[in-house]
Each structure stands twice: as structure tokens, then as C-alpha cells.
Amino acid sequence: MTYTDEVMEKVIQRNPGEKEFHQAVKEVLDSLAPVIEKHPEYKKARILERLVEPERQIFFRVPWMDDSGDIQVNRGMRIEFNSAIGPYKGGLRFHPSVYPGIIKFLGFEQIFKNALTGLPMGGGKGGCDFDPKGKSDNEVMRFCQSFMSELFRHIGPNTDVPAGDIGVGGREIGFMYGQYRKLTNRFESVLTGKGLNWGGSLVRPEATGYGATYFAEEMLKARGTDFKGKTVVISGSGNVAQYAVQKVNQLGGKVVTLSDSSGSIYDPAGITGEKWDFIMDLKNVKRGRIKEYAEKYGVQYFEGKRPWTLVDKVDVAMPCATQNELDLEEAKVLVSKGCIAVSEGANMPTTPDAAEYFVENKVSFGPGKAANAGGVATSGLEMCQNHIGLSWTFEEVDKQLHQIMVNIHANAAKAAEKYGQPGNLIVGANIAGFLKVADAMMDQGLI
Ligand code: NDP
């Protein structure tokens, strides 16, 4: 058994039943085998064993009262994975599926993603098994206040700076920030994704979707092409998907699908102009279902279906909803319909066998920890603006975001080439992110 297999086996033993965490760790360890061979000092220092064990895990009760006066109890958590290169940084997810295996997979990925941005941010993630769907604004506020009433003592601008993720957008960040400020009597950069009037950054809402599209643009450029005239299939219809649609449109591509957890729509004419405004209102204000788009514009709706197999021709696929939402069978269909690039807006949306199939079939594949790093990178830019007390223009932040995505693509491609797997951005991103964190851990001794 190889050393990385041994580490993997221990991870499975020590974290039983946490299959998403196992999946995320396995992908990274598989990529790192040649690095460990070349650098025995990492093995001696047990860097891998230390990386897979979070520095700190916090679990807490979140009691709150619903609108009918009944008491509800949820479980909150924050997993602070690694702070070797900066304060813990990573989002909060509110979704009924949240349990330690999901938050650990996200926190682990975040270590490498944050390192890839080139900014000083460690990795962490948190969340709660609370379901914001169907809750009133008052219920969401009471829940967020209760959640922050415990979390506030564990976070801080130089310790841990959470952000949004599934189920946590501007509304939730606002309620949590208000409660943090009240409890600590401090106005400081402790959350990102804040409102523009109270410390937020321009481009933060757009950043993950824009960044995943810039990353796809780099992959297309490496193949000598661009977005013009390309047909793009996107899943999800939340924050990441919404702004991926907008940026693809701006770059001359045509987005023909979107989805939510109930089903998918297919609009062959493209989701542009007023139709995009409709989605923004439907999902962010009315909090309705994607089906309503099909009803309004008379296009096809597929109940319970994901978008990958619905269209006749695809050039680019961008999974932007959730983990493991694109499997091997769907990957085969995408390749057979002409797909040349996949850029993961979501975290780990492609199953490992599907990702392997894309790589084997020479599809340019941008793994989430590289392709969706624009969100956390712009959170880093928000923290930077907070620290210097200035706000940059939209153009300035967008320019920096764009450059960061170009750099991430170049660094991942370079690392893949150096370690003998040219074009494999999964391996390249894992290695480039790992080396930065591993060297920081080596420098800082056994802690
Ligand atoms: P949102 O909550 O805004 O949107 C999530 C979207 O995915 C919704 O359309 C939702 O549908 C759908 N979805 C969620 N869970 C499932 C599921 N189990 N099956 C099918 N569809 C599902 O979240 P974001 O857009 O912020 O996040 C999307 C992905 O991007 C996540 O993987 C997240 O970790 C990742 N990401 C987000 C970043 C950010 O800045 N926001 C940064 C980097 C990565 P429904 O409304 O029906 O639940």
C-alpha cells in the first residue's frame, strides 16, 4: 500500500460515514503522490496527516422560535481546517443536508482554493441543517441571530472570517452581521458578502459566477477559441449560476439551461435580457421555483431532471448548484454532444469517475477549487478594502478578480506540466495549492 493510500485509509477510519469528505480528500491525495515522492520532507513532517485533521471543530445548538410560537432546534458548526497562510476563510451553508461530512469536505477544499488565489487566507467552512426554504424573513432573522449568538465568540477579523454559501446570501449575512456587532460592540471585517453601505465590496455578489466564466474563458483560450457563439449548459439558479449566465452573455455565449432542486428549464433562444432579470427577481426576491420561468416564457420544463442530457448540442458545461450533480452517464452524453470544456462553479459537482472521463476525453476540466475561487478571492479583496478603509470601483475589483482567475489557471497548468500531467488542471490545482500551504506549515514548526 502506498503512503497516500495509508493516509486515506486512516481518514476513512477516523471519519466514518463522511463520504463527501472522503471523496474530497481522495482526489487531493491521488494528485499529491508524485509530490510526496519528490519531497520526502513532507512525509517526515507528517504534513498530509496534519492537513486532513482540522485544527478545530465547533458544534453548537441553535434554538429559535418560528412564527407560530413553536421552538425549533438546529445544529450549527464551524470547522476551522487550516490557518497556516491566513485567518480561516470560507462560507456558511444553511441546508437540511448539512452534517460534518459536508462541512469537512468544503473546509478541506477551501484550504487549497484559498491558497490558489494568492491571498493570505486559511481554510474553514461552517453551516447548519436549517432549511431557509419557505421561512419568513422574521424566522430567518431569529434563526441567524441565534446562530451568531454562539458563533461570534469563535470568529474575528484576524481569526476566522465566514461568508455565504448555499442558503446564505445578502439577507442572512446582514442578520448575522447585525447580531455580531451588537454582541461585540465592534464594527469590523468579520464576515464577507456584506451590503455595500456597511463594508461590502462591489463585485462580491457577481464574483463566483464571473470567476468561473473567466476560468472557462482561459481554458477556451488555451484551445485557441472563446465564448463567441458557444452553447452553454448551466445548472442551478442561485447566486453562482445567475452571474455565470450574465458573464457568459457578455462574452458572446448562449446559456440555454438552468435548474433548481425540483427540475430544469431548457430555453433554446438563450437566457438573456429581460429573461435574466426575471430569474433575478424570481430567485432573489420572490424566492420562487425555476418552473415559473418555463410557464412565463413558454419553454420546456423537466421535473426532477438535471440539465446535462436535455440539449442536442453543448460546447461548455458549468455545474453551479451542488456536490455530485454530474455523473459518469451524464458526462458521456455531454462529450457525445460536443462539450469541450467544463468549469465547476459549484464545489465538487462532478463525480470522480465523470471528472476522470472528461480528462481522458481531452475535455478542458476546471475543478471547483480553481474555477470557483473567484468568490473567496473577492472576499479577500473585501477584507483588504475594510482594512484600509476604502472602497474600490466596480472596474477595479473586476480587474483584480479577472487577473486572479488568469493567474490561477496559469499556475494550475504550470504545476500539472511540471509533475508530468500536462493539461490536467485537477492535479495542477491540487499541487499548486498544496505546496503553498505545506511550505508554510513546514516553516512554522510542529503545531
Ligand atoms: P444558492 O443557495 O444561491 O443556490 C444554490 C442553487 O443550487 C439553487 O438553485 C438550488 O436549488 C440548487 N441546489 C442546492 N442544493 C441542491 C440539491 N441538493 N440538488 C439540486 N439542486 C440543488 O447557492 P450558491 O449559488 O451560492 O452556491 C452554489 C454552489 O457554488 C455550491 O456548491 C457552493 O458551495 C458553491 N460556491 C459558492 C460560492 C459563493 O460565493 N456563493 C463560492 C464558491 C463556491 P433550490 O433553490 O431548489 O435549493
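Bear in mind that the values here come from a model prediction, so they are computed numbers and not experimental data. Each ligand, and each atom within it, is numbered from 1 in the order the structure gives.
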Sub-4.0 Å heavy-atom approach of [X] to ligand 1:
X: Met348; value: no
X: Gly167; value: yes
X: Cys320; value: yes
X: Arg306; value: no
X: Arg289; value: yes

Take atom [atom1] of [X] as the centre, draw a 6.0 Å sphere, and report whether it contains more than 12 heavy atoms from other residues, nucleotides or ligands.
X: Lys26; atom1: NZ; value: no
X: Lys337; atom1: NZ; value: yes
X: Arg289; atom1: CZ; value: yes
X: Lys414; atom1: NZ; value: no
X: Lys275; atom1: NZ; value: yes

Short side-chain donor-acceptor distance under 3.5 Å, Arg204 and Ser379: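 The answer is yes; a qualifying pair exists.
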Distance from [atom] to nearest protein heavy atom, with residue and atom:
atom: atom 48 (O) of ligand 1; result: Lys133 NZ, 3.0 Å
atom: atom 37 (C) of ligand 1; result: Val240 CG2, 3.5 Å
atom: atom 17 (C) of ligand 1; result: Thr322 CG2, 3.4 Å
atom: atom 42 (C) of ligand 1; result: Thr208 OG1, 3.3 Å
atom: atom 9 (O) of ligand 1; result: Ser237 N, 3.0 Å

Enumerated ligand 1 atoms positioned under 4.0 Å from heavy atoms of [X]:
X: His95; result: 15 (N)
X: Gly345; result: 30 (O), 35 (C), 36 (N), 44 (C)
X: Asn372; result: 43 (C), 44 (C)
X: Arg93; result: 31 (C), 32 (O), 33 (C), 34 (O)

Steps toward salt bridge (Lys or Arg N to Asp or Glu O under 4.0 Å) verdict (Arg306, Glu325): CA-CA 8 Å; Arg306 303 194 286 218; Glu325 53 154 330; over 6 Å; no
Ring-ring centroid check Phe94 Phe147, cutoff 6.0 Å: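 Aromatic pair counts; centres sit under 6.0 Å.
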Distance flag, aromatic centroids of Phe21 and Tyr99, threshold under 6.0 Å: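 No, the ring of Tyr99 stays outside the 6.0 Å limit from the ring of Phe21, centre to centre.
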Cation over ring face, Lys135 and Phe130, 6.0 Å, 45°: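 Satisfied, under 6.0 Å and within 45°.
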Salt bridge (Lys or Arg N to Asp or Glu O under 4.0 Å) between Lys283 and Asp260, intermediate numbers included: CA-CA 10 Å; Lys283 286 292 170 182; Asp260 60 23; 2.9 Å; yes
For [atom], which of the options [options] provides the nearest non-hydrogen atom?
atom: atom 36 (N) of ligand 1; options: Thr378, Asn347, Asn239; value: Asn347
atom: atom 28 (C) of ligand 1; options: Ala346, Gly238, Gly236, Ala321; value: Ala321
atom: atom 14 (C) of ligand 1; options: Leu106, Thr192, Ile166; value: Ile166

NZ/NE/NH1/NH2 to OD/OE distance under 4.0 Å, Asp165 and Arg93: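 Result for this pair is yes, salt bridge flagged.
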Basic-acidic side-chain contact under 4.0 Å: Lys104, Glu18: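 Salt bridge present between Lys104 and Glu18.
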Tell me whether [X] has any N or O atom under 3.5 angstrom from an N or O of ligand 1.
X: Asp260; result: no
X: Arg204; result: yes
X: Ala241; result: no
X: Ser261; result: yes
X: Lys125; result: no
X: Asp165; result: yes
X: Lys113; result: no
X: Gln323; result: no

Part of Ser259 within contact of ligand 1 (heavy atoms, under 4.0 Å): backbone
Step-by-step salt bridge (Lys or Arg N to Asp or Glu O under 4.0 Å) determination, Arg14 to Glu53: CA-CA 9 Å; Arg14 288 164 62 81; Glu53 188 66 28; 2.9 Å; yes
Residue among Trp198, Tyr180, Tyr177 satisfying ring pair (Phe, Tyr, Trp, His ring centres under 6.0 Å) with Phe187: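 Answer after filtering Trp198, Tyr180, Tyr177: Tyr177.
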